[in-house]
Every structure is written in C-alpha cells, then in structure tokens.
2 protein chains.
Amino acid sequence: MSRIAYVNGRYLPKRLAAVNVEDRGLQFGDGVYEVVTVQDGRFVDEDLHLDRLERSLREIRIPMPMPRGSLRQVLAEVVRRNRVRHGLCYMQVTRGVAPRDHPFPRKPVPPGLMVTAKNLAGYPADVDAWAAKAILYPDQRWERRDIKSTNLLPNVLAKQAAREAGAAEAILYDEATCLVTEGASTSFWIVDEEGALRTRHLSNAILPGCTRAALMQELREAGIPWREEPFTVEQTRRAREAFVTSATSYVRPIVALDGQPVGDGRVGPVTRRLFEIFGRHVKGAARNAA
Amino acid sequence: MSRIAYVNGRYLPKRLAAVNVEDRGLQFGDGVYEVVTVQDGRFVDEDLHLDRLERSLREIRIPMPMPRGSLRQVLAEVVRRNRVRHGLCYMQVTRGVAPRDHPFPRKPVPPGLMVTAKNLAGYPADVDAWAAKAILYPDQRWERRDIKSTNLLPNVLAKQAAREAGAAEAILYDEATCLVTEGASTSFWIVDEEGALRTRHLSNAILPGCTRAALMQELREAGIPWREEPFTVEQTRRAREAFVTSATSYVRPIVALDGQPVGDGRVGPVTRRLFEIFGRHVKGAARNAA
C-alpha cells in the first residue's frame, strides 16, 4: 500500500491524502489515469504511459497539471518515498475542484493530480504459475474506451463477476456483434486455430494498451508476425492459446475461459516465448534506464 | 455553494470536506448519487429519490451507508446548516476506501457518504423566461444508464458541447437507431406532430427519472394522456413541443433544437399547462410536508 501520496502539490501520509468533495473526479468521473510498472526502481515504458496520459487529457480537454519533466520528477519522488523497488506507480488527473455543474468550469481551475505507489512482486519467475483463468462478459462500457478515464464502474462489475467465477480477468465482447474487445483491465490476444497471433485493431472500442504497443515493438524486432483484426467469441473459444497484456499483467497466459480449457489448458509455446521476450523488455528497460 | 458538507460522519466547512485518494468513488467512479430539490425548506419527492438511491446501490451491490431514517436526518441537517430555503441537496454514496483493485474489496469497507446543499432560485415564475435551447448529441454512455452512477464523463462532454452551442441541454440519441434516449441530465418529452405527449419507456437505456415519475402521477390525476414509447431524431425535429424534466429543471420548455425552432419556437400550450401543474406539485409538496 502507498504510505506517501502526492496530492495537488504536497507529499502526504496516505491517511491524510484527500481531495475535496467537489473535485470533479469524484462527482463526475471527470479525469483520467495511468499505471506505470516499476522494476528495479525504474519505470517501464514510462514515455508510452505519459504519451497516453497526454492524449487522454487532450481528448477531454483537461490541461496537463504540470510539464512532463516536472511530472516525471513527482512520479520518481513518490516511488522513492515509498521505497518501491518492484511495484507500480498510479497517477490520476482530474478537471479540478469547482461548484458542481456538468459542463467544464466557466473559469478554469487547476487540474487535480494524485500520485501513489506501492510494492509488488517483480516480473514473475514462472510463466506456468503466472497463468490465469478468465470469463467472457458483455462489454457494457461507453463508446470512448480509447480514453483512459476513471469511469470504471463497468470494469469493476466485470472484474467482480470474474472473481466470483474464480477467474482473474473478464474478457469483454460486444453483445450485438459477438466480437471480443479486450480484457476489463488488459489487452487481449489469441493464437487462433490456424496458429495466427491476433489482437483487436485500435479504435474507440478499446484502450490503446501501452504494454500492447511495447510487445508489438518486441515482436517486430524478433520477426514474429501478428495481425490486428477483430475475432469473435467463438473464435476465442476455439483458440490454441490466449493471453492478456497490461502494465501489471505483463504477458499473462489465459488457460481457461468460462471453465473450459484454452487449447490443451496449458501455457502454449507462443505465449511462453512472448512471456520470455517481454521479461527481457521489462528488465532491459530497467537496466537501460539505470 | 455548500458551506457545510457532511462527509463520512462529520459536518465540515466545505474547504475541509474531503475524501481519501483511495476512495473508490474517485478512482473507479464506483458510486451513485441523487439530487433532491428543496422548496420552502422542504424536500420535493424525497421518497422517490431515496427509493432510486436504494435501487442504484442494490444494482451495484453497495449497502446503504445508514438506514433511510438516519439518512433523511443527515440531509435535513445539511440543508439546515446551509440555510437553504430554495435550492438543492446533493448526496453521493461510494463503495468506500480500499487499496486500489478493480473488484469489490475482499473485506467489506464502510460505504462513503457525502452530502452538500446550496441555495438556488425557487420554482420559476415565468415559463417563457424558463424556456431553453438544446442540441442533439450522440449518446455515448454505458449500457446501464438506469443506474444513477457518477460515471458522468459522457454527460459532461455532452453538456459542454451544448454550452458551446449556446444551449442549456444536450438531447441524446442512439447513433445506430437514431432513437432519442433522454437529456444529458434530464428526461425528455415531446408533443409529436399528431399532438401526442410522449417520452421514452423505461429500460437500461435511460435513467428512471424521479421528476418524470412525479409528473406522470400529476398527469394521471389531471386526466392527461401520454405514451411511453421511443421516437426518432426526425420525429423530434418535427415535434410541436418539447420539454425536459429533472429535479432542478422541473418542467423546462425546449424551444430550439440545433438552432431550429421547435414548433413555432415559443412555449406551447401543453408544456405551459404541465409547467403550471408541476409548479403546484413542487409547492404543494412543500406545503404538505410542512
């Protein structure tokens, strides 16, 4: 748990880290966030996350709370004060505090910025132990899923349904088309029944995953082909392999869907290789930055 | 503006009224809210709002933060401490404070409760001055709009688009079907080109409006017929009259849509009559409760 949090200019013990009841992040979900992994005390893919933060803010017209260089310093300071070696750093930016009214405040107010950090295990040693179960669940989210907003109630309900089914993730699909979108907090990939590595193309229907993008760069360098195109729930059920990616899931095998094995129910060769490649990326990022 | 707010058991000056950065309302939009009008120091349709609060909480499995009788006392106390004669009382319930993780906290935590109140003008004297313009705007919200959650970013963006077009409300429609759902913070009604009073039927596509329900009860008592059925953007553009309802809009005429007059661009006879009827409801509610 974060012991020290940064809130609107101050580093505070967590129990005192608070925002006003009229912060628009609380009353309207009027804000965005990012989660960055820390490995060996260094950020993994920090620039990808800060690029996406700036994009999300631009899309909903909230200014950056401070220049990127200053924000990097705040993130590093929160990590340092919480003595995080392996873990994550969470940042949230809101439109700020103003008397409650749906439209943006007429007189602009400073955006809110909250940053926390906590320790977690580092990159998993054992991909078989890292494998997880998932469920399929209707995608009930709004139409701008490309914006990493804190309007996360549909994600919360999907994740809770997963947990109650003994699973770690909910793989979301559009009920009208039966096309899979992504995981409730992850990008989703399959090795289809012909052996093709696939993940859905970017659009307003999914979040542009930073780990998704970082893995694609690794695939390019390793000469591993993949396709960005939608696939159905049925194609997912017939897939040889499946896995999710995210800052804190890295490459995580999905070996069961709705209680049925994916492929033979064990971690497949493609997923196993990508887990290894991404491990080198995560640890290399830490090394390069050091 | 609320000078005194109730937050998790304490009445606090507004600048000190704060919630922890790990409140799930802030990080996940994991909560619901209500706005109740105050007229002559009394709540209007309080039971309808508390019924809906309980329903919203039930749908996302957050317990009531306290029994309804105690909650009523808190609301009344916030109104009293803020010396509100005519105005509104805002209440928000969140799933509470817990280390950030999408599913519900494994060990339940107490729900968060925040209540504010502020003065506003009372029921408008002049329906013509109360008339407003609106725009039509795509409905980008999630699929459980029947839950009054704080996942309001799509509503915020729609309301801002309305303001920038010189309008007070955005009337939302489904892009696939061109069927109107409701206003960004109101229920929406038309008198169609045949003279029929219509509003959309209840489903997951719209919020079950308390003012909508209260007005229907008044219609019933006055013997005024209406139909609950969807209508298209085109039918809306051809409507004789249009109006919105909400706790703070009461019955508010919409006399222009996207810059074009609705009917002859003036408040029509049906809307005028319903404004008068609802005024008696609002003032009568205050009288009856007094």
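Naming: A, B, ... by sequence-line order, numbering from 1 per chain.
Surrounding CZ of A/R83 are at most 12 heavy atoms belonging to other residues, nucleotides or ligands under 6.0 Å away.
Most heavy-atom pairs under 4.5 Å with chain A: of the set B/D101, B/N155, B/L26, this distinction falls to B/L26. Ranking A/R100, A/R106, A/R163, A/M114 against chain B, the residue ahead of the rest is A/R163, based on heavy-atom pairs under 4.5 Å. Per-residue heavy-atom pair counts under 4.5 Å with chain A were compared for B/G31, B/P103, B/A158, and the maximum is reached by B/P103. Of the residues considered (B/V19, B/T94, B/L157, B/D23), B/V19 shows the highest number of contacts with chain A, using heavy-atom pairs under 4.5 Å.
When heavy atoms are compared at a cutoff of 4.5 Å, B/V35 approaches chain A solely by way of its side chain, counted from C-beta outward. With a 4.5 angstrom heavy-atom cutoff, A/Y33 touches chain B only via side-chain atoms. Only the side chain of B/V7 comes within contact range of chain A, with heavy atoms under 4.5 Å apart. Within the 4.5 angstrom heavy-atom criterion, atoms from both the backbone and the side chain of B/Q27 approach chain A. For A/R24, the part sitting under 4.5 Å from any heavy atom of chain B is the side chain, from C-beta outward, and nothing else. With a threshold of 4.5 angstrom between heavy atoms, A/R15 approaches chain B through N, CA, C or O but not through any side-chain atom.
Against chain A, the residues from residues 142-153 of chain B that qualify, each with a non-hydrogen atom under 4.5 angstrom away, are B/W142, B/E143, B/R144, B/S149, B/T150, B/N151, B/L152, B/L153 in number order.
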Name the atoms and distances for all side-chain donor-acceptor pairs under 3.5 Å in residues 166-180 of chain B, with sequence neighbours left out.
| unit_1 | atom_1 | unit_2 | atom_2 | d |
| --- | --- | --- | --- | --- |
| B/E169 | OE1 | B/K159 | NZ | 3.0 |
| B/E169 | OE1 | B/A184 | N | 3.4 |
| B/E169 | OE2 | B/A184 | N | 3.3 |
| B/E169 | OE2 | B/S185 | N | 3.0 |
| B/E169 | OE2 | B/T186 | N | 3.4 |
| B/E169 | OE2 | B/T186 | OG1 | 2.7 |
| B/D174 | OD2 | B/A176 | N | 3.2 |
| B/D174 | OD2 | B/T177 | N | 2.9 |
| B/D174 | OD2 | B/T177 | OG1 | 3.0 |
| B/T177 | OG1 | B/L179 | N | 3.2 |

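Every residue meeting the side chain to side chain donor-acceptor pair (under 3.5 Å) condition with A/R141, not counting sequence neighbours, appears here in chain and number order: A/D139, A/E182. Under the rule for a ring pair (Phe, Tyr, Trp, His ring centres under 6.0 Å), B/F104 has no partner lying at least two apart in sequence or in another chain.
Of all the heavy atoms in B/A5 and A/V21, the pair that sits closest is CB-CG2, 4.5 Å.
A salt bridge links B/R61 with A/E164: the distance from a Lys NZ or Arg NE/NH1/NH2 to an Asp or Glu carboxylate oxygen falls below 4.0 Å.
Between the side chain of B/N20 and the backbone N or O of A/A17, at least one donor-acceptor pair lies under 3.5 Å.
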